[in-house]
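Each ligand, and each atom within it, is numbered from 1 in the order the structure gives.
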Amino acid sequence: MTQQRNTAAWREMDAAHHLHPFTDTASLNEQGVRMITRADGIYLWDSEGNKIMDGMAGLWCVNIGYGRKDLSDVAKRQMDELAYYNTFFKTSHPAVVELSHLLAEVAPQGFDHVFYTNSGSESVDTMIRMVRRYWDVKGKPEKKTLIGRWNGYHGSTIGGASLGGMSYMHEQGDLPIPGIVHVEQPWYYKHGKDMTPEEFGVAAARWIEEKILEVGADKIAAFVGEPIQGAGGVIVPPSTYWPEVQRICRQYDILLVADEVICGFGRTGEWFGQTHFGFQPDIFTTAKGLSSGYLPIGAVFVNDEVASTLAAGGDFNHGFTYSGHPVAAAVAHANVKALRDEGIVQRVKEDIGPYMQQRWRETFSQFEHVDDIRGVGLIQAFTLVKNKATRELFDNWGEIGLMCRDIFFANNLIMRACGDHIVSAPPLVISKAEVDQMIDTAARCMAEFERQLKAKGLA
Ligand SMILES: Cc1ncc(COP(=O)(O)O)c(CNc2cccc(C(=O)O)c2)c1O
């Protein structure tokens, strides 16, 4: 058990030693961290005893909810038996074999092979190396360039951050690396103009075709996208987008990659977002919901044609010390088995997902500065706007979002501000009563937010 100290002592030690991700350290240390000490179901508790509703499932990852002792029991048993061995030198172990078999069962048809990593970023970097190796083996080594999207998010490694379209990341570290280009995102609210959503979906997909023709199809290795852009603010493409993307990739002989790190393992009500949107990638990357965040693990799923091509190339010189780590694999197996056998994914599709979407839309449509209310399954969002009628956004994109998010935090509700998009992705086990509690609390916060907007003369 971690040594018990009071909040002030922990804050002081954290400020003295701990560098946090995506953080302005000086600013954080002025206010001090919030010490999260335990969690259960969809709730967190901090070191001051506050009970907090986690509307974000950690970082979009705790799909099965907190406090599952069956998962911690599995971790202990596996650790006591085989805490670690690698899968490099013609060795394997039961935990990773059982997980691989289960993943082939829950994956869409034709995905029977997985490569293991420790995170979503490592899954993305693995995919980048895989697609380039694939074209080498096919005798088309000049097909190296990958297409991503502006405001897409694919992690923080040099490859993942380059493939992502977050310019504030590119500015730090001279990114993107060569061989990665971007197209505009399928954000209908901002770019749809006078098109119907269906027309816009096709038009946005055609931006990819334009980029292919600009660079040259003989140079393009793959197109990579999240079924729904998560960290970019839950950008849900029109229904016509992904089928057209797939058609274009097939026409120009380009691999189609889905980054399912957020959308995977039940978030949309399907096992994977690709199924919800009706497209078949050649490769897809996962992490987060694979283990529900209980231990770090990621997996890259490849279809049978990609698997056989990579195999034909002999050694694929890539992998990690912890690829297929026994304890992470055992916990992921227990997690995925529970998501399936307890009907958690099915319930998102048939019951709690539709309920959340209905409550989310009917509640937030009442607010003057909320528009583009959207969501699928248990991933939902809305955009804070200055003027709904004209779709005018607020100045200084992101400032208003943080102001709104802080009101949620002050009311012990965790939601995420991605720019001026307010997003939520709770554990998939959230009950209807907890949805009602979350929505009612958020509605009170939104009323306070709009009061503050007016008081500050911002609207
Ligand atoms: C689609 C996608 N791909 C890759 C990654 C990288 O995964 P790792 O972090 O495990 O390397 C992600 C991660 N997504 C992510 C990670 C951390 C914070 C937030 C946020 O929205 O604040 C989102 C992601 O959402």
Side-chain angles (χ1 to χ4, degrees), residues 20-24 28 54-63 115-128 146 148-166 168-169 175-176 180 182 185-186 222-237 242 257-265 267-268 272-274 276-277 281 283-301 320 322-323 325 328 332 376 379-381 398 401-402 405 408-409 414-426:
H20 291 249
F22 283 88
T23 293
D24 174 337
L28 173 67
D54 185 6
M56 278 306 294
L59 284 174
W60 323 74
C61 54
V62 189
N63 291 16
F115 189 103
Y116 292 102
T117 71
N118 304 289
S119 66
S121 299
E122 284 188 8
S123 291
V124 169
D125 278 39
T126 296
M127 173 276 298
I128 293 171
L146 291 94
R149 292 170 307 173
W150 294 117
N151 200 39
Y153 187 77
H154 300 291
S156 277
T157 42
I158 287 178
S162 293
L163 191 57
M166 305 296 186
Y168 59 84
M169 294 175 78
L175 302 178
I180 291 184
H182 299 86
Q185 60 181 324
F223 171 74
V224 185
E226 306 153 77
I228 295 173
Q229 290 153 254
V234 184
I235 306 298
V236 183
W242 278 111
V257 178
D259 186 344
E260 297 262 14
V261 168
I262 283 182
C263 287
F265 297 101
R267 180 58 57 192
T268 67
F272 298 97
Q274 58 195 264
H276 174 80
F277 289 103
I283 297 173
F284 63 95
T285 49
T286 72
K288 293 187 189 279
L290 172 56
S291 64
S292 286
Y294 279 59
L295 279 173
I297 184 171
V300 181
F301 292 68
F320 308 97
Y322 304 132
S323 286
H325 188 285
V376 176
I379 181 170
Q380 49 278 340
L402 288 179
R405 189 253 350 236
F408 291 127
F409 267 35
I414 294 181
M415 305 253 272
R416 181 96 171 64
C418 302
D420 285 348
H421 303 300
I422 297 297
V423 312
S424 165

Closest non-hydrogen atom pair, A425 against R267: C-NH1, 3.2 Å
Residue, atom name and distance, where the atom is the protein heavy atom closest to atom 1 (C) of ligand 1: Y153 O, 3.2 Å
Heavy-atom closest pair, residues G120 and A287: N-CB, 3.4 Å
Atom 19 (C) of ligand 1 - nearest protein heavy atom and its distance: W60 NE1, 3.8 Å
Contact check: S121 vs ligand 1, nitrogen or oxygen atoms, below 3.5 angstrom: yes
Proximal ligand 1 atoms for I262, defined as those under 4.0 Å from one of its heavy atoms: 25 (O)
Parallel, tilted or perpendicular: rings of F223 and W242 (30°, 60°): tilted
Atoms of ligand 1 close to S119 [distance to a heavy atom under 4.0 angstrom, numbered from 1]: 10 (O), 11 (O)
Side chains of T117 and S123, donor plus acceptor under 3.5 Å: yes
Residue R416 vicinity, atoms of ligand 1 by number, heavy atom under 4.0 Å: 20 (C), 21 (O), 22 (O)
Shortest reach to atom 7 (O) of ligand 1 by a heavy atom, considering only G160, S156, G120: G120
Atom 4 (C) of ligand 1: nearest protein contact (heavy atom, Å): H154 C, 3.5 Å
Side-chain donor or acceptor of E260 paired with backbone N/O of T286 under 3.5 Å: no
Close aromatic pair by centroid cut-off 6.0 Å: F301 and F115: no
Nitrogen or oxygen of K288 less than 3.5 angstrom from that of ligand 1: yes
Distance, nearest 0.5 Å, that separates CD1 of I235 from CZ of R149: 9.5 Å
Taking atom 17 (C) of ligand 1 as the reference point, the nearest protein heavy atom with its distance: L59 CD1, 3.7 Å
Geometric N/O contact D259 with ligand 1, under 3.5 angstrom: yes
Contacting atoms of ligand 1, where contact means under 4.0 angstrom from a heavy atom of E226: 1 (C)
Close side-chain approach of R405 to R416, heavy-atom, < 4.5 Å: no
